[in-house]
Protein chains: 2
Amino acid sequence: MSSSVERKRIRKTPEARRAEIVEAAARVALTEGLECVTLRRIAEELSVRPGLISHYFPSAEDLVAEAFAVAATGELDSLLPAERPHGTPVQYLARYFALSAGEAYDDISRLWINARHLSRYRPVLRDRVAEQELASDDRLEGLIREGVERGEFRTDDPRAAAIQILVVLDGLGAHANTDRSNRPEAVTRMAVTTAERELGLAAGALTETPLPVVAD
Amino acid sequence: MSSSVERKRIRKTPEARRAEIVEAAARVALTEGLECVTLRRIAEELSVRPGLISHYFPSAEDLVAEAFAVAATGELDSLLPAERPHGTPVQYLARYFALSAGEAYDDISRLWINARHLSRYRPVLRDRVAEQELASDDRLEGLIREGVERGEFRTDDPRAAAIQILVVLDGLGAHANTDRSNRPEAVTRMAVTTAERELGLAAGALTETPLPVVAD
DNA sequence: GATGCTATTGAGTGTGCGACCAATAAGCAA
DNA sequence: TTGCTTATTGGTCGCACACTCAATAGCATC
């Protein structure tokens, strides 16, 4: 009967196939975790054979690192866009904190915890994590600098302010896999509080602001 | 020749053997990571057969969770003792931050990242992590309450203050597997700064204090 | 419609893992 | 010393993983 599902091969250009693989890997990384980014899992995701994934990524570690980088970059862009034509720095910062309090942000927190842990054992991933950390620092520093120029923020070390805010967000995100239901209000607000303090803003300046509308 | 290394069996009481296993697992967890706490690895550590570990921990997940709990409890006790006969709350808090800046603290940070990540997939571990988190919160809250009673600290919500300090420490510790060499000074000092602010202390109160001597 | 390049498959290797269980022997008690 | 309880072994099973490579077939080109 030959009931074995011998599907028709679909032959794509290396560029297209590679992109497809990385995209699938990033999706799996974000939703299921970096250890689920295996040759078999990604192959199944794309309905191809595991050997094909090996062909494009002779070392699986490279695929994992790439998956993280793509996922992290995508999330950063959506949380804190590089181009900000639709509002003021205060508005974009407020939007950032609003998003970081939402449910979807848990996936990102989980991804970062995942990557930071896994990079203990995987040098290639470790480099990518450091790279993405720098990118986050730079992005937020840029926003802060813009705000300072416009007279919205006040700080004499935008980068230190940026990193401090991100450290607080990391600390809050560290519990993404645990229950956080009975967290004191002061804790939930820590990121905003830190930002308002470090940027010389009035209390509430970041929570009582209309958010810019950003297209997907 | 019978060169096969058939060692003599050593038969111990279940309590002793179990304790030995947990101790070894905790050590491996702290130094090598929780995913290295495998039946085979711990058996090798104790020069016994893997089957024996299975005998005491029919589910390997339980051993991993136990290893984390024991390691975390031990570290908490050494960083922030429950009994504090050798100094004032200010001194013990200062000692805590001094230790948390040291090299050895990286192992603890790594362990926590590891556990927080792994608890994504392992319910038993997740419960233990939540438990240890509560223990840390409680311990620091207790110290703060004592300090408030003695008039050393000033806060109207000791628990919120404790958690905020711990969130900052988590945020700083999140990078334990990454390079942190060019961190701004303001960032390195964040934990102390947060504590001084939340506890109504003068700047420097926690870094210019003689530390209590604590026996090992 | 035939040809050539190469993307893709299929099959196999070796490793490490948790789990299971009958056989064995350590060491205590009689 | 003998016997018994049970801690411990040794071996096995099934699974998932990364990695390798010769064979195959899609598809662009002629």
Side-chain angles (χ1 to χ4, degrees), chain A residues 2-25 28-29 32-68 114 118 121-125, chain B residues 2-25 28-29 32-68 114 118 121-125:
Chain A
S2 174
S3 72
S4 67
V5 280
E6 41 187 51
R7 282 177 319 287
K8 190 175 187 308
R9 295 186 184 184
I10 297 178
R11 189 187 174 105
K12 305 195 173 182
T13 67
E15 301 72 38
R17 188 61 93 182
R18 191 185 181 86
E20 194 183 40
I21 290 170
V22 168
E23 187 197 14
V28 170
E32 300 171 34
L34 291 166
E35 27 281 278
C36 294
V37 177
T38 64
L39 302 184
R40 287 170 170 73
R41 182 72 184 77
I42 303 304
E44 184 193 20
E45 194 79 3
L46 299 176
S47 301
V48 297
R49 305 281 112 212
L52 184 61
I53 313 296
S54 277
H55 174 70
Y56 286 95
F57 290 88
S59 164
E61 187 179 350
D62 292 340
L63 176 57
V64 172
E66 188 72 12
F68 165 73
N114 196 166
L118 215 55
Y121 308 103
R122 313 230 171 157
V124 184
L125 178 60
Chain B
S2 173
S3 71
S4 66
V5 280
E6 41 187 52
R7 283 177 318 285
K8 188 173 189 308
R9 293 187 183 182
I10 298 179
R11 188 188 175 107
K12 305 193 174 184
T13 66
E15 300 72 36
R17 187 62 91 183
R18 191 184 181 87
E20 195 183 38
I21 291 171
V22 169
E23 186 196 15
V28 170
E32 300 171 34
L34 290 166
E35 28 280 279
C36 293
V37 177
T38 64
L39 303 184
R40 287 168 170 76
R41 180 72 183 78
I42 303 304
E44 184 193 22
E45 194 79 4
L46 300 176
S47 302
V48 297
R49 305 280 110 212
L52 184 60
I53 313 296
S54 275
H55 175 68
Y56 286 96
F57 290 89
S59 165
E61 186 179 350
D62 291 341
L63 176 57
V64 172
E66 188 72 14
F68 166 74
N114 195 168
L118 214 56
Y121 308 104
R122 313 227 171 159
V124 184
L125 178 60

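Residue numbers begin at 1 in each chain, while the letters A, B, ... track the order of the sequences.
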Review point. Do B:Arg9 and D:dT8 share a donor-acceptor pair, side chain to base, under 3.5 Å?
Key: yes

Revision key, fill the gap. Note: for A:Arg40 and A:Val48 on DNA chain C, the residue whose nearest nucleotide lies more 5' is A:Val48

Review point. Does B:Phe57 or A:Thr13 map to a spot on DNA chain C nearer the 5' end, using the closest nucleotide for each?
Key: A:Thr13

In whole angstrom, what separates [X]'s [atom1] from [N]'s [atom2]?
X       : N      : atom1 : atom2 : result
A:Ile53 : C:dT9  : CD1   : P     : 9 Å
A:Arg49 : C:dG12 : CZ    : P     : 15 Å
A:Glu15 : C:dT6  : CD    : P     : 12 Å
A:Ile21 : C:dA7  : CD1   : P     : 12 Å
A:Ile42 : D:dA18 : CD1   : C1'   : 14 Å
A:Lys12 : C:dT9  : NZ    : P     : 11 Å
A:Leu34 : D:dC17 : CG    : C1'   : 16 Å
B:Lys8  : D:dA7  : NZ    : C1'   : 13 Å

For [X], which contact category applies under a 4.0 Å heavy-atom criterion: base, sugar-phosphate, or nothing?
X       : answer
B:Tyr56 : sugar-phosphate
A:Pro50 : nothing
A:Arg17 : sugar-phosphate
A:Ser54 : base
B:Ser59 : sugar-phosphate

Review point. Say you draw a straight line from CZ of A:Phe57 to CG of A:Leu52; how long is it, rounded to the nearest 0.5 Å?
Key: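 Reported to 0.5 Å precision, the distance equals 11.0 Å.
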
Practice item. Quick one: pull up CG in B:Asp62 and CG in B:Leu125 and give me the separation to the nearest 0.5 Å. Key: 10.5 Å

Tell me which donor-acceptor pairs under 3.5 Å the side chains of residues 18-25 of chain A have, and how far apart each pair is, sequence neighbours excluded?
unit_1: A:Arg18; atom_1: NH1; unit_2: A:Tyr56; atom_2: O; d: 3.2
unit_1: A:Glu20; atom_1: OE1; unit_2: A:Arg17; atom_2: NH1; d: 2.7
unit_1: A:Glu20; atom_1: OE2; unit_2: A:Lys12; atom_2: NZ; d: 2.8

Point to revise | Distance below 4.0 Å between B:His55 side-chain N/O and D:dT8 OP1 or OP2 | key: no

**Study point:** A:Arg11 side-chain N/O to D:dC27 phosphate OP1/OP2 under 4.0 Å
**Key:**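 So the side-chain polar atoms of A:Arg11 never come under 4.0 Å of the phosphate oxygens OP1 or OP2 of D:dC27.
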
**Study point:** Pairs meeting criterion salt bridge (Lys or Arg N to Asp or Glu O under 4.0 Å) with involvement of residues 35-46 of chain B, two or more places apart
**Key:**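 For residues 35-46 of chain B: B:Arg27-B:Glu45, B:Glu32-B:Arg41, B:Arg41-B:Glu44, B:Arg41-B:Glu45.
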
Review point. Between the main-chain N or O of A:Leu34 and the side-chain N or O of A:Asn114, is there a donor-acceptor pair closer than 3.5 Å?
Key: yes

